[in-house]
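Just below is one structure, and these are the notes that go with it.
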Protein chains: 2
Amino acid sequence: MKKKAGKNVTNIQTPLTDLEIAKKAQMRPIKEIAETAGIPEEAVEQYGKYKAKIDVSALPKKLADGKVVLVTAISPTPAGEGKSTVTVGLADALSQRGEKTMVALREPSLGPVMGMKGGATGGGYAQVLPMEEINLHFNGDLHAITAANNALSALIDNHLHQGNQLQIDPRRIIWKRVLDLNDRALRNITIGLGGPAHGIPREDGFDITVASEIMAVLCLSANLTDLKERLGRIVIGYTYGKEPVTVRDLGVEGALTVLLKEALKPNLVQTIEGTPALIHGGPFANIAHGCNSIMATNTARQLADIVVTEAGFGADLGAEKFMHIKARQGHFSPDAVVIVATARALKMHGGVPKQQLKEENKSAVRAGMPNLEKHIDTIRRFGIEPVIAVNRFISDTPEEIREILQWCQTHGVAAAVTDVWEKGGQGGLELAELVIKQLNKPNQFAPLYDVKDKVVNKIRTIVREVYGGEEVQLTDKALKQLVDIEQNGWDALPVCMAKTQYSFTDEPKLTGRPEGFTITVREIIPKLGAGFLVCLTGDIMTMPGLPKQPAALNMDIDTEGNITGLM
Amino acid sequence: MKKKAGKNVTNIQTPLTDLEIAKKAQMRPIKEIAETAGIPEEAVEQYGKYKAKIDVSALPKKLADGKVVLVTAISPTPAGEGKSTVTVGLADALSQRGEKTMVALREPSLGPVMGMKGGATGGGYAQVLPMEEINLHFNGDLHAITAANNALSALIDNHLHQGNQLQIDPRRIIWKRVLDLNDRALRNITIGLGGPAHGIPREDGFDITVASEIMAVLCLSANLTDLKERLGRIVIGYTYGKEPVTVRDLGVEGALTVLLKEALKPNLVQTIEGTPALIHGGPFANIAHGCNSIMATNTARQLADIVVTEAGFGADLGAEKFMHIKARQGHFSPDAVVIVATARALKMHGGVPKQQLKEENKSAVRAGMPNLEKHIDTIRRFGIEPVIAVNRFISDTPEEIREILQWCQTHGVAAAVTDVWEKGGQGGLELAELVIKQLNKPNQFAPLYDVKDKVVNKIRTIVREVYGGEEVQLTDKALKQLVDIEQNGWDALPVCMAKTQYSFTDEPKLTGRPEGFTITVREIIPKLGAGFLVCLTGDIMTMPGLPKQPAALNMDIDTEGNITGLM
């Protein structure tokens with residue numbers, strides 16, 4: 001996230017990287033942070049000096065009624081928005097204002113860290129620490145998920161090899177292996193080669209760990225028992241007679257839960273300013289719901305008065321799923337929503353190519369506003385009045401910023417400029433004030449559809465109300481799958497749209513605010529453990545590749561263990 | 001390891017499993033254990049309440065001159081020997097006698113835990129704790145090695161995909177992927193399928209993580225700088241022109257070291273009786289050297305007066321490599337060697353099938369003694385007078401035990417019966433006394449070969465002096481590889497024999513003490529990072545499979561997080 005998110009003009013003489021800023025920061029021992037947060041000592045399981053896992057069962061019984069502020073964004077562009085940075089900065093600003101605040105964030109995947117983009121720990125003076133350790137292995141959650149996912153795969157292939165009592169059709173196994181890496185060569189593979197001693201040959205493939213259903217399951221589980229129940233429900237494939245085969249049929253939901261026992265505990269860290277932060281879980285925002293765990297959010301609600309959290313991609317994907325999947329399963333109502341916008345990103349929505357972003361272009365900003373406008377409209381449909389965070393970047397001109405603020409005023413939506421990258425919480429005080437104002441209003445939140453509605457109706461509601469489109473079309477394949485889903489009695493689940501994040505449509509290049517379009521659903525994949533139906537629109541990449549110059553090439557470490565080039 | 005190692009007759013009425021015993025044990029906070037061991041608080045990085053990583057750089061500078069006791073065994077049989085149990089019990093016995101003692105052990109792999117045999121944490125009242133956490137993920141070391149190994153694979157395949165500047169021949173890539181699981185279906189696979197966007201198709205395969213060269217490298221590294229150097233030297237394959245390609249050529253040794261930074265720190269835990277234990281690293285004992293890390297052993301030597309440690313399999317494999325590879329690279333000399341033997345295992349070497357082990361059979365015990373005799377002979381050739389631990393099992397009769405002790409007396413070798421499974425340190429006091437007597441003698445240790453000798457001579461020395469065989473034969477393939485090794489200047493490295501653990505020969509069924517045999521070396525694989533030449537004899541399995549009834553099927557966890565069926 002080097003110099004990406006909200007870097008202020010005054011900072012141009014001292015271009016420290018995020019890693020350098022993180023290293024200069026004085027961290028407080030995690031025990032102190034826990035004390036600040038009201039976590040008793042017996043609930044704190046330290047992982048080194050600055051990280052801990054929280055044993056939720058050892059927390060004092062208290063209603064989880066802290067208010068939830070969701071930070072979302074306009075449709076992402078290659079220009080960068082700085083959503084995590086605003087999330088952290090807003091929490092620090094709320095802390096500065098004396099509010100008992102916690103942050104809840106997703107944990108980073110190693111794949112992008114080694115690949116191209118760096119972690120998800122915020123940027124500048126609005127970061128969570130210790131940045132290196134959060135980005136590298138953290139407290140082992142993703143590795144535990146990888147192990148559980150692949151143990152299940154090994155147990156499936158062993159079942160085939162040892163006589164296949166369940167009559168699983170090797171051609172209909174939908175459970176894939178995972179690694180927490182970007183590795184395109186593993187997308188399509190054949191396994192079980194080499195003769196009878198080495199398993200049953202079949203086609204397979206690896207996804208990245210964050211795309212594993214186990215990640216979604218972990219993030220939606222209320223507790224260990226719920227986790228085991230959900231794992232047992234996962235459908236791993238179908239028999240020769242086309243009957244679904246679950247983890248429970250294989251009898252290994254206990255073993256998988258054993259492997260995930262520690263990973264289910266939320267991880268406590270701190271922001272640069274010492275605000276307690278829970279970082280836990282990080283499912284994909286396309287084929288999954290893209291939010292940190294319910295355990296983390298509800299633990300934070302139990303401890304703090306305000307919980308600032310984020311969801312992946314733009315409001316059409318992350319916020320929609322936050323409302324319909326996470327909030328519903330977590331039994332809470334979001335109380336306020338911040339939509340992050342930047343002049344740069346709006347200019348791209350207004351048609352400016354990335355290379356020309358540095359030039360002032362007020363009309364392009366104006367031309368991009370309809371994208372923000374649709375996201376505002378969406379949040380209002382959920383019964384919440386959004387607050388806009390105009391996250392300032394180094395190249396933004398005062399005129400461009402003024403353009404956005406004026407538009408917001410004209411359209412009656414609250415907006416504040418944030419300078420959290422450079423100033424930390426100090427740069428988010430105005431935003432914090434607007435958020436507090438919103439939190440003091442009565443909660444009018446309501447989901448847009450009933451889960452008991454027909455699947456096509458649920459999809460149509462999202463296409464019309466959230467994407468601003470017209471109609472939904474199902475391919476023959478999806479229609480056939482839908483028949484199976486209804487026959488199996490799986491249709492009363494929320495839908496989880498897997499759509500490009502760059503456009504409201506299923507075509508990445510259509511930025512801005514397209515209208516009158518149709519969304520084509522190519523496949524509907526039941527995720528019984530997670531408890532949703534994934535609707536695939538367009539090609540969704542579940543195993544990224546590395547770029548020509550991977551970030552790994554720039555990483556190094558000296559004799560004393562000082563890391564450089566992490567980001 | 002349920003009811004496997006040294007369980008005493010008196011214990012038959014209360015057949016607690018290892019897990020039940022472990023759960024009943026009262027652990028002391030790891031901070032107290034660290035204090036006992038003389039580890040200052042600033043060097044302790046807690047992982048929960050009962051585990052810690054040790055920041056070796058924060059230890060007081062002190063010569064690492066604690067004496068090293070190696071626990072090895074006769075050639076293993078399906079009857080079980082209880083080597084880890086004796087190692088832990090001996091350390092507790094030494095502690096009871098007032099000696100400042102530490103244990104250094106390998107860490108368990110998840111593959112066997114899920115598969116069939118349980119962990120490597122000892123048994124009964126001679127265990128290291130917390131047993132569940134050591135067996136499940138522990139402090140993330142194996143996961144970090146998996147991640148580093150597979151990040152390298154992804155970077156190699158990305159290099160091919162992005163233009164292959166180094167001209168790596170995809171058919172000659174020897175670097176394989178790994179998972180910490182038993183998964184036979186991944187032994188032979190094809191990757192990069194699906195068209196030009198998804199990499200370059202080639203044959204590949206997965207090993208189990210403990211077979212990764214990175215595991216061997218981590219265990220042999222003196223510090224971070226040495227680790228990076230070694231990682232850089234790893235040969236991942238060859239160019240179209242048959243030139244070796246190293247990790248340094250790819251420029252990613254820094255990134256791999258970054259991923260392994262925390263994994264390089266030894267892990268502190270405790271025995272049931274509170275003796276400090278470092279558990280760190282666990283390379284295969286066939287295609288690698290099968291010992292815990294040099295970092296752990298030398299850290300323990302820095303802190304304690306006596307370090308009790310073990311090596312994999314029997315003395316022909318584990319002890320030989322401990323002497324020639326680990327001690328040499330770690331710059332220490334072993335001071336005493338314990339050879340673990342059991343009546344059961346000796347009976348199997350004497351020709352008794354596993355089903356008939358419960359019947360008393362003195363003549364079979366006698367017939368099996370030559371196996372022990374050869375291991376004694378081997379240890380003496382290294383200049384050390386071994387001590388025999390006769391590890392008592394429930395079915396052993398007093399007559400059988402007496403048979404072994406009489407044989408030892410006749411052959412002038414010190415021997416003690418151990419009851420550590422049932423009695424903890426109390427059951428190892430006699431062994432401890434014999435070991436202390438040995439430690440008080442001057443150290444006469446010397447390796448059996450000079451690393452500068454010719455490769456064939458080094459192998460021949462091991463075959464004759466350690467295995468008791470006659471000759472060594474190289475296949476045409478191995479001969480060809482040897483020419484390449486010499487041309488590349490890699491021949492002045494120790495050899496790492498990959499041989500069946502069940503026999504001194506390369507044929508698993510030839511138990512006891514065969515003579516006059518020839519060992520056939522099929523392949524010689526240079527491991528430049530680890531710093532040895534692997535000599536493959538027979539088929540060596542580097543990715544185990546799961547059995548028909550995997551241990552995973554019996555595992556469960558309740559609402560409170562209590563695990564059952566782990567072992």
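Every heavy atom of this structure was used, including side-chain atoms; hydrogens, water molecules and symmetry mates were not. All chains are named by letter (A, B, ...) in the order of the sequence lines, taking the proteins before the strands, and each is independently numbered beginning at 1.
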Looking at B:Gly48, is its backbone amide N or carbonyl O close enough to the side chain of A:Lys53 to form a donor-acceptor pair, meaning the two atoms are under 3.5 Å apart? no
Mark yes or no for whether A:His137, through its side chain, and B:Leu259, through its backbone, hold a donor-acceptor pair below 3.5 Å. yes
Quick one: what part of [X] sits under 4.5 Å from any heavy atom of chain B, side chain, backbone, both or neither?
X	answer
A:Asn139	neither
A:Leu227	neither
A:Leu136	side chain
A:Leu546	both
A:Asp204	neither
A:Ser57	neither
A:Asp157	side chain
A:Glu41	backbone
A:His159	neither
A:Glu203	neither
A:Gln549	neither
A:Ile191	both
A:Ile563	side chain
A:Pro547	backbone

Side chain to side chain contact (heavy atoms under 4.5 Å, CB included) assessment of A:Leu553 paired with B:Val252: CA-CA 5 Å; A:Leu553 296 181; B:Val252 297; 3.5 Å; yes
Nearest heavy-atom neighbours spanning [X] and [Y]:
X	Y	result
A:Ala255	B:Ala552	CB-O, 3.3 Å
A:Ile557	B:Lys228	O-NZ, 2.7 Å
B:Leu224	A:Gly561	CD1-CA, 3.5 Å
A:Ala147	B:Leu110	CB-CD2, 3.9 Å
B:Asn188	A:Gly194	ND2-CA, 3.8 Å

Just wondering, do B:Gln46 and A:Lys49 contact through their side chains at under 4.5 Å, heavy atoms? no
Should the pair A:Phe206 and B:Phe206 be assigned to parallel (<30°), tilted (30 to 60°) or perpendicular (>60°) ring geometry? parallel
Can you tell me which of [options] forms the most heavy-atom pairs within a distance under 4.5 Å of chain B?
options	value
A:Ala185, A:Gly192, A:Gly254, A:Gly205	A:Ala185
A:Met543, A:His161, A:Met114	A:His161
A:Ala197, A:Gly140, A:Pro201	A:Ala197
A:Glu253, A:Arg187, A:Glu45, A:Glu132	A:Arg187
A:Ile189, A:Asn223, A:Asp55, A:Asn554	A:Ile189

Would you please test B:Asn158 and A:Lys548 for side chain to side chain contact (heavy atoms under 4.5 Å, CB included) and show each step? CA-CA 8 Å; B:Asn158 190 54; A:Lys548 201 171 173 72; over 6 Å; no
Considering residues, nucleotides and ligands other than A:Asp539, do more than 12 of their heavy atoms fall under 6.0 Å from its CG? no
Go through the steps for A:Thr190 and B:Leu193 under the test side chain to side chain contact (heavy atoms under 4.5 Å, CB included), then give the verdict. CA-CA 8 Å; A:Thr190 54; B:Leu193 307 177; 3.8 Å; yes
Contacting moiety of [X], where chain A heavy atoms sit under 4.5 Å:
X	answer
B:Glu42	backbone
B:Leu250	backbone
B:Arg202	neither

Atom pair [atom1] ([X]) and [atom2] ([Y]), whose distance is rounded to the nearest 0.5 Å:
X	Y	atom1	atom2	value
A:Thr257	B:Asp558	OG1	CG	11.0 Å
B:Thr225	A:Glu560	OG1	CD	7.5 Å
B:Asn150	A:Leu186	CG	CG	8.0 Å

I'd like to know which of B:Leu181, B:Leu179, B:Leu142 tops the heavy-atom pair count under 4.5 Å against chain A. B:Leu181
Under 3.5 Å side-chain donor-acceptor pair for B:Arg184 and A:His198: no
